[in-house]
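What follows is one structure encoded as structure tokens, with my remarks underneath.
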Amino acid sequence: MFNLVHFLLFVLHHLLQAQALTLPQDISALKAFKSSIKQSSIPSWSCLASWDFSDDPCAVPHRTRFICGVSCSPDATRITQITLDPIGYSGQLTPLISQLTQLTTLDLSDNYFFGRIPSSISSLRNLQTLTLTSNSFSGSIPDSVTALKSLETLDLSHNALSGKLPKSLNSLTSLKRLDLSYNKLIGFLPKLPFNLLELALKANSLSGYVSKSTFDGLTRLEVVELSDNSFSGTLGAWFFLLPSLQQVDLANNSFTHVEISKPAGGNSDLVAVNLGFNKIEGNLPANFADYPMLSSLSLRYNRLRGAIPLGYSKKKSLRRLFLDGNFLIGTPPAEFFAGDTEVTGSLGDNCLRGCPANSQLCSPRQKSYAICKRAYSGKPRS
């Protein structure tokens, strides 16, 4: 009798689990989501193909329906994640996605979604991860995205988004990772969220100065990638003194000057700096040698003059140094060519004297005397 009771309870438990548990508004949102995707882009073996609404999305076990692409809350009543397989789904993101108010993750990366990002996405107040990278979304980034106060990761990279960045971007107080690279964004950098760890805005058409007010209070910022834009003017000394900064890539912009101060107390986590292919003038910043962990430095193809600071050659942490394509003069430090040197890179295409032809560091060859003379309005001197 005891075993029979346990058997009946077991059967009842599984029958209850098989009942429709998911909130109706979540089911209708999932139906709208799937119907907005072209049927021809849904292979029979894909996650979306398993979304068969003759069964409940959160029923346990899923068996042959809803086998992937969707996750539910512990009580099996709400949809909490949509993470599609990257197989080339083509369609638009339905505004009815806003009904999934318990969604914490929306990841549609590496597919062929197109059209605008719906402004109704602001209803997803529990969203922590929004990843739409490598699709064909167009139009502007909706200002309503700044209402997502729980958002920690926002990745809209590799799309066709245009227009300006939302002015109230700094209201995303939980945001740690922002990647909007490889779009068509224009305008200036607005104030950034103070909890940001990683900032990537590569390959857009952003312009203007990189101002201190934009980065004010970002004490946790570790990675800044702003290469391939149109930023200009002077990069102030405050920038490299951001307390947690580790990696900086500002190559392929139009900066004309860079100010480098010694790190406070000689402490800094800065490891890699790329300022190549700008319009930076003046002498090589000697204070880079005072950043204790700096291992990679590129200032290639700028308009720098003068001699290579001796501190660069005495810096034990430095492993990669690219200074080619400038107008540097004098004799490069002998330490660069010692048998035990571990520095790679290039000092070529400058106005240096005595750079050993058999050293890889001296490739490509130096500029002609005529070019160097013209650059210095006369005979270049050390």
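Only heavy atoms go into these numbers, but all of them, side chains included; no hydrogens, no water, no symmetry mates. Residue numbers start at 1 and run along the sequence shown.
Contacts of R78 classified as side chain to side chain donor-acceptor pair (under 3.5 Å), with partners at least two apart in sequence or in another chain: D26, T101. By the side chain to side chain donor-acceptor pair (under 3.5 Å) test, D85 pairs with Y89, sequence neighbours left out. Among residues two or more places apart in sequence or in another chain, the salt bridge (charged side-chain N to carboxylate O under 4.0 Å, His left out) test is passed with R320 by none. Scanning for side-chain contact (heavy atoms from CB on, under 4.5 Å) contacts around N126 gives Q102, with sequence neighbours left out. A search for ring pair (Phe, Tyr, Trp, His ring centres under 6.0 Å) contacts involving Y312 returns nothing, not counting sequence neighbours.
Between S227 and N252, the side chains place no donor N or O within less than 3.5 Å of an acceptor N or O (distance only, hydrogens not considered). T77 and D75 form a side-chain donor-acceptor contact under 3.5 Å, judged by distance and modelled atom types alone. Side-chain polar atoms of S254 and S230 form no donor-acceptor pair below 3.5 angstrom. If you check the side chains of T131 and T129, you find no donor sitting under 3.5 Å from an acceptor. A donor-acceptor contact closer than 3.5 angstrom is absent between the side chains of S123 and S120.
The aromatic rings of H158 and Y182 lie parallel to each other, with less than 30° between the two planes, well short of the 60° mark. Between F137 and F113, the ring-plane angle classifies as parallel under the 30° and 60° cut-offs. F66 and F53 have perpendicular rings, their planes meeting at more than 60° on a 0 to 90° scale where under 30° would count as parallel.
Although no hydrogens or angles enter the test, the distance criterion places no donor-acceptor pair under 3.5 Å between the side chain of D179 and the main chain of S157. Using modelled atom types, no side-chain atom of N302 and backbone atom of F255 make a donor-acceptor pair closer than 3.5 Å. Without hydrogens or angle criteria, N229 side chain to F231 main chain gives no donor-acceptor distance under 3.5 Å. Using modelled atom types, one side-chain atom of N350 and one backbone atom of F327 make a donor-acceptor pair closer than 3.5 Å. Here the side chain of N135 pairs no donor or acceptor atom with the backbone of N159 at under 3.5 angstrom. R305 places a side-chain N or O within 3.5 Å of a backbone atom of A375 that can act as its donor or acceptor partner. At distances below 3.5 Å, not a single donor-acceptor pair connects side-chain atoms of K167 with backbone N or O atoms of K191. No side-chain donor-acceptor contact under 3.5 Å links D216 to the backbone of T214.
Proximity of the aromatic rings of F215 and F239 is defined here by a centroid distance below 6.0 angstrom, and this criterion is met.
For D349 and K367, the salt-bridge test passes: some basic side-chain N is under 4.0 Å from an acidic carboxylate O.
Both L241 and I260 sit in one connected hydrophobic cluster of ILVMFWY residues. Membership requires side-chain heavy atoms under 4.5 Å apart, directly or through other members.
Within a 6.0 Å radius of CZ in F114, other residues, nucleotides and ligands contribute more than 12 heavy atoms. Within a 6.0 Å radius of NZ in K34, other residues, nucleotides and ligands contribute more than 12 heavy atoms. Counting heavy atoms of neighbouring residues, nucleotides and ligands inside a 6.0 Å radius, atom OH of Y209 does not exceed 12 of them. Heavy atoms of other residues, nucleotides or ligands lying less than 6.0 angstrom from NZ of K149 number more than 12. Open room surrounds CD on Q360; 12 or fewer heavy atoms of other groups in view lie less than 6.0 Å from it.
Atom CG of residue L169 and atom CG of residue L180 lie 7.5 Å apart, to the nearest 0.5 angstrom.
N183 has its side chain out of reach of I141: every pair of non-hydrogen atoms, C-beta onward, lies at least 4.5 Å apart.
Applying the disulfide bond (SG atoms under 2.5 Å apart) rule to pairs touching residues 63-103 yields C47-C68, C58-C72, sequence neighbours excluded.
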